[in-house]
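The block underneath contains the structure these notes are about, expressed in structure tokens.
Model, not experiment: these values are computed from the prediction.
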Amino acid sequence: MTEPIRIGSRGSQLALWQANHIAAALRDLGHAVEIEIIRTTGDRMQQPEAENLPSLAPLPGGKGIFIKEIEEALAEGRIDLAVHSLKDLPTQLDPRFTLAAIPPRADPRDAFVCEQYWALHTLPMGSRIGTTSPRRQAQLLALRPDLQFIETRGNIDTRLRKLAEGQCDALVLACAGLDRLNRAESVHQRFPIDELCPAPGQGALALETRAPSYAVFAEPGRDDYVRNAVAALDHPETRFAIEAERTVLDALGGGCQIPIGVHCSPLHDEGVLIAWRIHAQVLSPDGETMVCLSSEVPVGISPRSLGHQVAEDLKSRGAFELLASPSAVA
């Protein structure tokens, strides 16, 4: 194909890093690539004039606020490929699209960011943590009920600036974004998975294209070419883990506004995949009640079966009642 593959990306520093990372990988495989910046609803809500808005939430129709306009461009044929942070995607993908690839995942953990204090347990009583995530707030309260929370919107640099200005005492951010932008200089603690279980898909990228069943061009050759090119970047073990995590979330009816953490990882013996380890947490918003499990499952199970198995186990331990309670809605 002579025309370049057109990648749609948000304009934030992290989103552009991710888009350029994928563009470089495709160019290494011999493909021409260009990037188009698309401003999303989520980007507009994070502007200074919008800082008094309520917590970010999915838009009507289930579309996440950071992907709506990008998916519209994909559906209209203005771009060929969307690069998302996977945790921004709804668990039910629009049937017009498909995840052509999920590349290897970066560090999925959450990071404690603070220059003065080197770990969460060293913070003074009543310290202020900068985070808007209900999951992180509940998990942190389970560890430190005395903590207070400050809403910190904006990109990573904006949040780090607010920390430096004293608007909060510490931040909790995803390790992957800090590592990708080389901004981990003040990361003194990376929380273990069993303390702050990450959001499903955290640290992974989603490479979204048009589905084979959805034709926007008269000739299917272009879309076939794009899907085949992008598929070369897929990492099967990461895809399995992500599908299992998202199945748990979907089975529990959750989203980014619900305190749920799920993480699945492969276990190897001398380089051979032998099992999957999965950890999950469901919490009340105040952190006082938690349902959690950790298990290892031999290879051979499908990711959806594993996800449903974990979800049913969580429900049997009372997770559904936690999520169904009025206080669990942010």
Practice task
Decide, yes or no, whether a salt bridge links Asp157 with Arg161 under the criterion of side-chain N to carboxylate O below 4.0 Å.
Solution key: no
Exercise for the section: Report the distance from atom CZ of Arg246 to atom CD of Gln92, rounding to the nearest 0.5 Å. Expected result: 8.5 Å
Exercise for the section: Determine whether Cys197 and Gln139 make a side-chain contact, defined as any pair of heavy atoms from C-beta on separated by less than 4.5 Å. Expected result: yes
Practice task
Check whether any side-chain N or O of Arg239 sits under 3.5 Å from a backbone N or O of Asp234 as a donor-acceptor pair, and report yes or no.
Solution key: no
Practice task
Please name the pair of heavy atoms, one in Ala206 and one in Leu99, separated by the smallest distance, quoted to 0.1 Å.
Solution key: CB-CD2, 4.0 Å
Problem - Leu74 side chain reached by Arg210 side chain, heavy atoms, under 4.5 Å - result: yes
Exercise for the section: Determine, step by step, whether Ile129 and Ile150 satisfy the side chain to side chain contact (heavy atoms under 4.5 Å, CB included) criterion, reporting the C-alpha distance in whole Å, the side-chain angles of both residues, the deciding distance to 0.1 Å, and the verdict. Expected result: CA-CA 6 Å; Ile129 305 291; Ile150 305 296; over 6 Å; no
Practice task
Just grab all the ring-ring contact (aromatic ring centres under 6.0 Å, His included) pairs involving residues 163-192, residues at least two apart or on different chains.
Solution key: Trp118-His188
Exercise for the section: Give a yes or no answer on whether the side chain of Lys162 reaches the backbone of Arg153 with a donor-acceptor pair at less than 3.5 Å. Expected result: yes
Problem - Aromatic plane relationship, Tyr225 with His31 - under 30° parallel, 30 to 60° tilted, over 60° perpendicular - result: perpendicular
Problem - Under 3.5 Å side-chain donor-acceptor pair for Arg183 and Gln13 - result: no
Problem - Heavy-atom closest contact (Ala138 atom, Pro259 atom, distance) - result: CB-CB, 3.9 Å
Problem - Glu208 (side chain) donor-acceptor with His84 (main chain) under 3.5 angstrom - result: no
Exercise for the section: Decide, yes or no, whether a salt bridge links Glu71 with Arg96 under the criterion of side-chain N to carboxylate O below 4.0 Å. Expected result: no
Handout entry: Side-chain heavy-atom pair Leu314, Gln281 within 4.5 angstrom cut-off
Key = no
Handout entry: Closest heavy-atom pair and its distance - Gly130, Thr152
Key = C-OG1, 3.5 Å
Exercise for the section: Tell me, with the steps shown, if Trp276 and Leu267 meet side chain to side chain contact (heavy atoms under 4.5 Å, CB included). Expected result: CA-CA 6 Å; Trp276 299 96; Leu267 295 176; over 6 Å; no
Practice task
Go through the side-chain N and O atoms of Thr132 and Glu151 and say whether any donor and acceptor fall under 3.5 Å apart.
Solution key: no
Practice task
Output yes when a side-chain donor or acceptor of Asn155 lies under 3.5 Å from a complementary backbone atom of Ser12, and no otherwise.
Solution key: no
Completion exercise
To the nearest 0.5 Å, atom CG of Asp194 lies from atom SG of Cys292 at 8.5 Å
Practice task
Decide yes or no for Arg144 and Leu141: does some side-chain heavy atom of the first lie under 4.5 Å from some side-chain heavy atom of the second?
Solution key: no
Exercise for the section: Give the cluster check for Phe149 versus Val172: same hydrophobic cluster or not, with ILVMFWY residues linked at side-chain heavy-atom distances below 4.5 Å. Expected result: yes
Problem - Joint cluster assignment, Trp17 & Ile5, ILVMFWY side-chain distance < 4.5 Å - result: no
Problem - ILVMFWY network linking Ile301 to Val262, side-chain heavy atoms under 4.5 angstrom - result: yes
Problem - Steps toward side chain to side chain contact (heavy atoms under 4.5 Å, CB included) verdict (Arg180, Leu14) - result: CA-CA 7 Å; Arg180 285 166 175 155; Leu14 179 57; 4.1 Å; yes
Practice task
Return yes when atom CZ of Arg304 has more than 12 non-hydrogen atoms of other residues, nucleotides or ligands closer than 6.0 Å, and no otherwise.
Solution key: no
Problem - Side chain to side chain, Ile67 and Pro90, heavy atoms closer than 4.5 Å - result: yes
Problem - Closest non-hydrogen atom pair, Val291 against Ala319 - result: CG2-N, 4.0 Å
Problem - Gln18 side, atom CD; Ser9 side, atom OG - distance, nearest 0.5 Å - result: 7.5 Å
Practice task
For the pair Arg159 (side chain) and Gly154 (backbone), establish whether a donor and an acceptor sit closer than 3.5 Å, ignoring hydrogens and angles.
Solution key: yes
Problem - Leu205 vs Ile102 side-chain heavy atoms within contact, under 4.5 Å - result: no
Handout entry: pair Leu140-Leu120: side-chain heavy atoms closer than 4.5 Å
Key = yes
Problem - Electrostatic pair Glu36-Arg6, nearest N-O below 4.0 angstrom - result: no
Handout entry: Considering all heavy atoms, the nearest Ala100-Val230 contact
Key = CB-CG1, 3.8 Å
Handout entry: Value rounded to 0.5 Å, distance of CD1 in Ile7 from CD1 in Ile70
Key = 11.5 Å
Problem - Main-chain N/O of Ala75 paired with Tyr214 side-chain donor or acceptor, under 3.5 Å - result: yes
Practice task
Answer yes or no: is there a donor N or O on one side and an acceptor on the other, between the side chain of Asn228 and the main chain of Asp224, under 3.5 Å?
Solution key: yes
Problem - Main-chain N/O of Phe97 paired to Asp94 side chain as donor or acceptor, under 3.5 Å - result: no
Handout entry: CD-SG distance between Glu237 and Cys264, expressed to the nearest 0.5 angstrom
Key = 10.0 Å
Practice task
May I have all residue pairs that pass side chain to side chain donor-acceptor pair (under 3.5 Å) and include part of residues 97-108, sequence neighbours excluded?
Solution key: Arg105-Glu245, Asp107-Arg109, Asp107-Arg190
Problem - Side-chain (Asp313) to main-chain (Gln309) donor-acceptor, under 3.5 angstrom - result: no
Practice task
Flag yes if Leu93 and Ile242 sit in one hydrophobic cluster, no otherwise; membership is Ile, Leu, Val, Met, Phe, Trp, Tyr, and two members link when side-chain heavy atoms are under 4.5 Å apart.
Solution key: yes
Exercise for the section: Identify whether the distance between the nearest side-chain nitrogen and carboxylate oxygen of Asp110 and Arg135 falls below 4.0 Å. Expected result: yes
Practice task
Report yes if the side chains of Leu306 and Thr247 come closer than 4.5 Å at any heavy-atom pair, otherwise no.
Solution key: no
Exercise for the section: Any chance you could lay out the side chain to side chain contact (heavy atoms under 4.5 Å, CB included) test for Leu171 and Thr131, step after step, and finish with the verdict? Expected result: CA-CA 6 Å; Leu171 296 169; Thr131 178; over 6 Å; no
Exercise for the section: Please confirm whether the backbone N or O of Gln167 pairs with a side-chain atom of Arg128, one donor and one acceptor, at under 3.5 Å? Expected result: yes
Practice task
Measure the spacing between CD of Gln202 and CD1 of Ile193 and express it to the nearest 0.5 Å.
Solution key: 8.5 Å
Handout entry: Heavy-atom pair with the smallest gap, counting every atom of Ala111 and Val187
Key = CB-CG1, 3.7 Å
